[in-house]
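Supplied in structure tokens, the structure appears directly below.
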There are 2 protein chains.
Amino acid sequence: MSSYSVASPYNTETIYQDLREGILSLKYKPGQLLSENAIAAAYQVSRSPIRAVFSRLANENLLMILPQKGSYVTLIDYDFIREIIYMRTLVERDILKQAAASCDDKLIKNLESNLRKQHRLADLGSRADHERYYQIDNEFHQICFRHVGRDLLWQILQEHQVHYRRFRMLDILSQQILSKLVDEHELIAQVISSGDTNKLDQLIEEHLVNGLHRIEQLVMTEHPDYFYSSNSN
Amino acid sequence: MSSYSVASPYNTETIYQDLREGILSLKYKPGQLLSENAIAAAYQVSRSPIRAVFSRLANENLLMILPQKGSYVTLIDYDFIREIIYMRTLVERDILKQAAASCDDKLIKNLESNLRKQHRLADLGSRADHERYYQIDNEFHQICFRHVGRDLLWQILQEHQVHYRRFRMLDILSQQILSKLVDEHELIAQVISSGDTNKLDQLIEEHLVNGLHRIEQLVMTEHPDYFYSSNSN
DNA sequence: ACTTGTACACTTGTATACAAGTGTTAAAAA
DNA sequence: TTTTTAACACTTGTATACAAGTGTACAAGT
């Protein structure tokens, strides 16, 4: 290594995280071309580390590599999302029931703290940072998983549901008003602390499936070019 | 390309599938060293395509690349398995209930056909092809998913539960007698066709969790070097 | 005007030389 | 004998040259 001026300030793992986060946050749009040379130049490295990164992204279905043509950010698979939501509903239902059954002051305190954060952001109206809201929304659910000792499952779900994450991001970004989402979380928290698990089934179902309807009606008309249906093709 | 004698008979995708299948079928043992040069030589290609493959495998947590040291087949994460089984139990419970509710002749015919295959293999005793049994076992569950219109979810679960697959393979390989597994499937099929969904919850739970107990008692003592616990470390 | 063909500027795929870290082995020094 | 040191045979990481396919732009021919 020639000491200075040649070495890139980025290491391969950082570049991978960067690109991945860029795709998941919709900074790189579904369908967009990502060229090895362009990315390599941007990060001041050769194509070698970029190719390793591209291979990983392609393997996660975030990038589609077409030999001799180009590499493109994958479209969001609508059918994929539907199945993930079905699974998430089943899991979340069970987790939240357990949380309600073993609810204590600590859990209530954590959930209320999270809800305050959600309110603070929602109160900003259109000036709210929607990406930040996504994080806090996620945190709400994670608190429940962690409370019943399933933090690892939460992490597994996160890592494996990359398509779902882009869908959620798009859903939140297209929300004019965040308060509706906050209200749903508020309701869930109430049910957990009151232990009234009867209402929970329908509540969770609605909370997760609502997003699917919103996407169907609103986003599919605005960004049909972002989506893809593996069944209809 | 110099026409002949130089080009490898393998393409990169084939090599990837090969190595992946090798790891999942336990042909490559957990903890075993896989060197880029060795694999490259075996497939008569340079390190470049192998590195791409290794990157993908590492990203799926099937290979651990230690820079300047070597690349090793990952150990099976015990805590990971536990969480996957928890999730699988929830999903399978719901799927099988739906299957029981919408049971028809076609479903019964498919399940019985599958069970006959299981019996044929189990009757061979110790001469049975255990890897083949794994496939048929899988097929049994897939039939149920497909019947309720969730074939895509089945595929998603398959792709994402690579650790679980190694666990199942090890479980089946260590079974002296396959008939116990066949009996469990037989019972599940009966419940589906009879529509007696009350027993289903416990049945599925046992069917999936039994493997966990078997591994705890039997395999952990025979192959402790195959396993790893992310919680205790 | 239309068609055809060619050159060129892209794209990813592969092979290879070298960089740099690690661990072992064996020889040399204490 | 013990310790230290140096050489060597590995490992993966990076940069680079070239191979080969694709699409476009533009000019020549019909």
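A, B, ... follow the sequence lines: proteins, then strands. Residue 1 opens every chain. Please read these numbers as outputs of a predicted model, since none were measured by experiment.
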> Counting just side-chain N and O atoms, does S71(A) come under 4.0 Å of either OP1 or OP2 of dT11(C)?
Replying inline: no
>> Starting the side chain at C-beta, find the nucleotide from dG23(C), dT16(D), dT16(C) nearest to K69(B).
In response: dG23(C)
>> Both S48(A) and L66(B) contact DNA chain D. Which one's nearest nucleotide lies toward the 5' end?
In response: L66(B)
> Q175(B) and Y133(B): side-chain donor and acceptor closer than 3.5 Å?
Replying inline: no
> Between atom CD1 in I15(A) and atom P in dG13(D), what is the gap in whole Å?
Replying inline: 13 Å
>> Please report the distance, rounded to the nearest Å, between CG in L33(B) and P in dG23(C).
In response: 13 Å
>> Could you measure the distance from the CD atom of E139(A) to the CG atom of L111(A)? Nearest 0.5 Å is fine.
In response: 10.0 Å
> In Å, rounded to the nearest 0.5 Å, how long is the span from OH of Y164(B) to CZ of R82(B)?
Replying inline: 14.5 Å
> Roughly how many Å is it from CG in L34(A) to C1' in dT12(C), rounded to a whole number?
Replying inline: 14 Å
> Hey, does I50(A) reach any base, or is it just sugar-phosphate, or nothing, if we go heavy atoms under 4.0 Å?
Replying inline: nothing
>> Using whole Å, what does the distance between atom C1' of nucleotide dG13(C) and atom CD of E13(B) come to?
In response: 14 Å
> Does any nucleotide pair with dT11(C) by Watson-Crick or G-U wobble geometry, both distances under 3.5 Å, and what is it?
Replying inline: dA20(D)
> Please give, in whole Å, the distance from dT12(C) P to N11(B) CG?
Replying inline: 19 Å
> Expressed in angstrom and rounded to an integer, what is the separation of R47(A) atom CZ from dT11(C) atom C1'?
Replying inline: 9 Å
>> Is there a salt bridge (Lys or Arg N to Asp or Glu O under 4.0 Å) between R165(A) and E21(A)? Walk through the geometry before answering.
In response: CA-CA 11 Å; R165(A) 172 155 169 201; E21(A) 193 55 36; 2.5 Å; yes
> Checking R150(A) against Y86(B): charged group under 6.0 Å from the ring centre and within 45 degrees of the axis?
Replying inline: yes
Return the polar atom pairs (N/O with N/O) between nucleotides 7-10 of chain D and the protein under 3.5 Å, or none.
none

> Between R51(A) (CZ) and dT16(D) (P), how many Å, whole number?
Replying inline: 16 Å
> I39(B) CD1 to dT11(D) P: how many Å, rounded?
Replying inline: 11 Å
> Salt bridge or not for D225(A) and K29(A), using N-O below 4.0 Å?
Replying inline: no
>> Base, sugar-phosphate or nothing for I65(A)? Non-hydrogen atoms, less than 4.0 Å.
In response: sugar-phosphate
> N114(A) side chain to I136(A) main-chain N or O, any donor-acceptor pair under 3.5 Å?
Replying inline: yes
